[in-house]
Structure formats: C-alpha cells, structure tokens
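Working notes for the structure below.
One-based numbering along the sequence shown. Atoms within a ligand are numbered from 1 in the order they appear, just like the ligands themselves.
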Amino acid sequence: MRYVSTRGRAEVRDFAGVLLAGLAEDGGLFVPEEWPQFAPPDWRALRGLEYGELAARVIHPFIGAAIPAETLRCLCREAYAQFYHPAIAPLRQIETSLFALELFHGPTLAFKDMAMQLLGRLFDYVLREHDWRITVVGATSGDTGSAALEAFAGRDRIDIAILHPYGRVSEVQRRQMTTVAAPNVANIAIEGTFDDCQDLVKAMFADAPFRQEMRLAAVNSINWARVVAQIPYYAYAALALGAPDREVSFSVPTGNFGNVLAAWVARRMGLPVARLIVGSNRNDILFRFLQSNDMSVRDVEPSLSPSMDIQVSSNFERLLFELLCRNAEATDAAIAGFRKAGRMVVPEPVWDRARTLFHGFRLNDTETAEEMRRVYQASGYLADPHTAIGIAAGRALSVKPVPTIAAATAHPTKFPDAVRRATGVTPKLPPHLGGLLEAEECYVVLRNDLAAVQEEVRRLARRIQ
Ligand SMILES: *Cc1c(COP(=O)(O)O)cnc(C)c1O
C-alpha cells in the first residue's frame, strides 16, 4: 500500500515510511492511495475471531508488504494481551437499540490504548528493521500522552517528550503521565491550551533541521497508523450486532476527529454503516460546521470532557481531502486559508456531502452531567463525561430500528469528580492503577515558547546518549 499527502507535495511512501514520518514534509497528512475493499463475505469471515486476530486481518491491507502478515498477527496479539478484559472491546447494552463499545480496558483506561499499544510494537519492529532511532514528540489533551508514555517508556530506540496544557488535564490524567519513570521520557507542561501544544508540535516538525537532528516522529492522531489501529473495533462491534447483514450506526465523542475518521474508513471499506454521529462539547466547531457550514475557530474553553477541548481537529484535513475529491491543491489552499483567517466556508456541494456523511450533536456541561445521571439511573451504567456525550448524541440522532453503537472512550474512574457530582457514585481506580495517587511526579512547566520546548527535547535526547 502506498500513501500520498493531502497537500500533494510530499514523496509517496509505504506504511513504514508513513509510520516514521508522522506529518508529511509538505505539512499535509498521509492517506492511502486507495481504500481497501471488503465484500460481505470478507466481513462474515471475521465473525467470532479473537480481537487481535481480527485486528490483524482488518489492518493488513493498509500495511501491505511493509510488515509480514505473520509478524503483524503476533504484534496485534501481543498488543491486545495488555488489556484487562477478555473481549478487549466489550459491547454493553444500555437501551433497546443503544450500545456502549467499551474501548477503555487498556493500561491507561482510555481508548487511546487501543491504537497506542499496537503503535509501540509497530515502531519497535520497523526501527529494528531499519536500524534507526527516533524522538517521539506529541501533544495531549489528556489521554494520548499517558497512552503513548505507557506504550513507549523504556523502549531502546525511542525517546518520548509529551506536551500537555498546564492545569487543563484531570489529576488522574496528569499523574498517569508524570509518574511514568523512565530515562527516555520527558513530560512538559505548557502554559497554554491543547491547541497551543499541538501548534508547538507542528512547529517542531516544520523546523526541518531540528526535525532531522532529533529524528522526530509523531504519535498524535496525525500519525496514520493511529487511525488504522482504530478501524478494527468498529468492524468487531458491527459484526457482533449482525453486520454485514444488518446496518449499525456509530456515535463518537470527538476531539481531533481521529476516532470518528476511523469509523468513516470502516464504512469506506464496505462496512454497512447507517449513520456516523459526531459528538462535541461546548467546543463545538465540528457541530457548527455540520449545522451551518461555519468552521470558525473560537477560544478553547475548558469543559467536563477535556479530551475534546479542541477547536482545530487535525484529522479533519483527511476528510476534507476526500470531500474535495482528493484534490491536493484545493485541500492545501483551503487549509492555508483556514489557518490564516481562522475560518473556512467550503463550497455548498462539498458541505452537502459532509452533511450526508456525518451528523453533528453538541452538549454543554450541564447536559453532559444530566446524561450521566440519566444513564446511571436508568441502567446502572457509569459513563465518563466523554462517553456520556457519545451516548446522548447516539440516542438523539439514531434511526430506528438500526442499532447505535456509542464509543465509550474513557473509564469513569478517569473523571471521578464529574462522575460523583452527576451520579453520587465515586468510581474506584482499578487495582492495576493502585499507587497512582501516591507515586512521585516528574515534569517541567514551560511557557508557550518554541525555543524553550526545543531545548528541553534536546536535553532529553542527550540524556540517553
Ligand atoms: C482522545 C479522546 C477523545 C477524542 O478522540 P479524537 O480521536 O481526538 O476525536 C474522546 N474521548 C476521550 C476519552 C479521549 O481520550
């Protein structure tokens, strides 16, 4: 499988090249040259497979010759052996036609583990093959960072620096990052928002000499391998409810648009999906876009669901590229204009296409807490604030009798205060996270300043050599 950049001015690469590169050198995002297709019998052949086995088969066409099929199966099996539920991604029924797909049974209790545990192993394999080492830099609004640190700490060929917005992640989220003690790890708290952190990461990649010196690699959802590793669970859940002989809808609480993009890819590959529902919190740029073609950046406001406190959803560029019929020049111009003006109005036919592909829904914090309470009272199910947005959006925009599957993206114990206030129940940390609240933290706080951050990353790389 070969990959092209959404901006059309980067070298075509294979999967290993895309994995290592992260962002393309023209600032665009890599997408496959074509979408693999699964016919109904291909989907049916996946029924009843263990999650790791199913993942390997769904992912294989995206990897092609870059990793032997048997190796990929081993990597997938190992990645999902780290999970604390035998089904890996269990489906829980909440209402007659509404299900929660629990993606939070990995080491850090959020859905990012589903991709990151595999990503760590893919990197290991490819770096060994190429006799190479890298520095991973990433921005996190909470969950990506801990999942990445958990997947990369202590690995021989990788240093990892994670930027998070100072004071804007929950205590559990922060501690899951800052208590990872390994010499190849740097935690950097930035005085700013998540978008500031993401911009700093993009700026480090845009600085070609620095990028080469540090051999930078990305693990935030601009890395195509992340998206790929999120496709299998949509197939897994749909198959469990009767696909491909029955349609399902998916409702996904959304920040950087990576998770719901993976659901879109599953549909693009031939999985029968009725609706793709995009849930937002008060940071509702995607909702406004789908509602009224108003893609305009506002200030990021903190909410009950911090992992969705994002205005510029980086993966949207991949969708835009498709909406513009894979016209890289038009994509480049649209994104450049958006960056400059802070707003984008896409041509009417393009917007219409977007609205037929996705349905948007938005909840403020009060509504999110109400939803958490309602779900708990009706079914005894404890949903974290992100999951609650997915469930509420799924209920509001479902089409009967198609079952709707809401992505449950974080374990309720990651947001104990919000859960307690909404339901009166204090969720307990699972045993494998015992000690988290006492462990020593290690991180630096820096201004929103590129040079200072680059200096810290250099220091990390020197620490190892
Ligand atoms: C990252 C995250 C999201 C948003 O996912 P995107 O792929 O960025 O859209 C939602 N919920 C939780 C708990 C997350 O960690």
Side-chain angles (χ1 to χ4, degrees), residues 29 100-116 119 138-150 162 164-165 168-170 172-174 176-177 194-195 197-198 218-231 233-234 250-266 276-281 283-287 300 303-319 358 360-361 363 368 372 382-394 406-415 418-419:
L29 306 185
L101 174 60
E102 294 187 345
L103 303 172
F104 52 66
H105 293 284
T108 71
L109 306 181
F111 92 94
K112 304 292 194 297
D113 290 325
M114 297 293 302
M116 213 60 89
L119 205 67
T140 188
S141 53
D143 295 325
T144 312
S146 52
L149 292 165
E150 197 61 54
I162 294 293
H164 72 265
R168 287 178 189 244
V169 299
S170 78
V172 171
Q173 285 180 315
R174 189 191 69 239
Q176 281 186 314
M177 295 189 275
F194 168 69
D195 284 345
C197 295
Q198 189 153 270
V219 297
N220 45 0
S221 55
I222 57 177
N223 193 308
W224 172 252
R226 282 272 305 277
V227 178
V228 164
Q230 292 169 353
I231 301 167
Y233 49 74
Y234 290 108
F250 291 112
S251 176
V252 185
T254 302
N256 254 324
F257 207 74
N259 202 7
V260 74
L261 184 79
W264 174 84
V265 175
L276 292 172
I277 300 161
V278 180
S280 300
N281 62 26
N283 299 292
D284 60 352
I285 187 167
L286 290 167
F287 174 80
V300 178
S303 77
L304 280 182
S305 42
S307 297
M308 299 159 68
D309 291 347
I310 290 168
Q311 284 286 330
V312 180
S313 301
S314 44
N315 268 295
F316 185 78
E317 182 167 339
R318 291 192 161 107
L319 176 68
F358 295 92
F361 196 73
L363 270 79
T368 304
M372 292 162 76
L382 275 186
D384 97 288
H386 305 77
T387 301
I389 290 175
I391 291 174
T409 50
H411 195 290
T413 58
K414 287 203 97 163
F415 303 92
V419 172

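The closest side-chain donor-acceptor pair between Asn315 and Asn256, if any, does not fall under 3.5 angstrom.
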What side-chain donor-acceptor pairs closer than 3.5 Å can you find for residues 224-231, not counting sequence neighbours?
from	atom 1	to	atom 2	distance (Å)
Trp224	NE1	Tyr3	OH	3.1
Arg226	NH1	Val219	O	2.6

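Every ring pair (Phe, Tyr, Trp, His ring centres under 6.0 Å) that Phe316 has, sequence neighbours left out, goes to Phe257, Phe289. Under the rule for a ring pair (Phe, Tyr, Trp, His ring centres under 6.0 Å), His164 has no partner lying at least two apart in sequence or in another chain.
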Give a table of atom pairs where an N or O of ligand 1 lies under 3.5 Å from a protein N or O.
from	atom 1	to	atom 2	distance (Å)
ligand 1	7 (O)	Gly258	N	3.3
ligand 1	7 (O)	Asn259	N	2.9
ligand 1	8 (O)	Asn256	N	2.7
ligand 1	9 (O)	Gly255	N	2.8
ligand 1	9 (O)	Asn256	N	3.2
ligand 1	9 (O)	Phe257	N	3.0
ligand 1	11 (N)	Thr409	OG1	2.9
ligand 1	15 (O)	Lys112	NZ	2.6
ligand 1	15 (O)	Asp143	OD2	2.4

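The shortest distance between side-chain heavy atoms of Ser146 and Arg174 does not fall below 4.5 Å.
Distance check, rounded to the nearest 0.5 Å: CG of Asn281 to CE of Met308 gives 5.0 Å.
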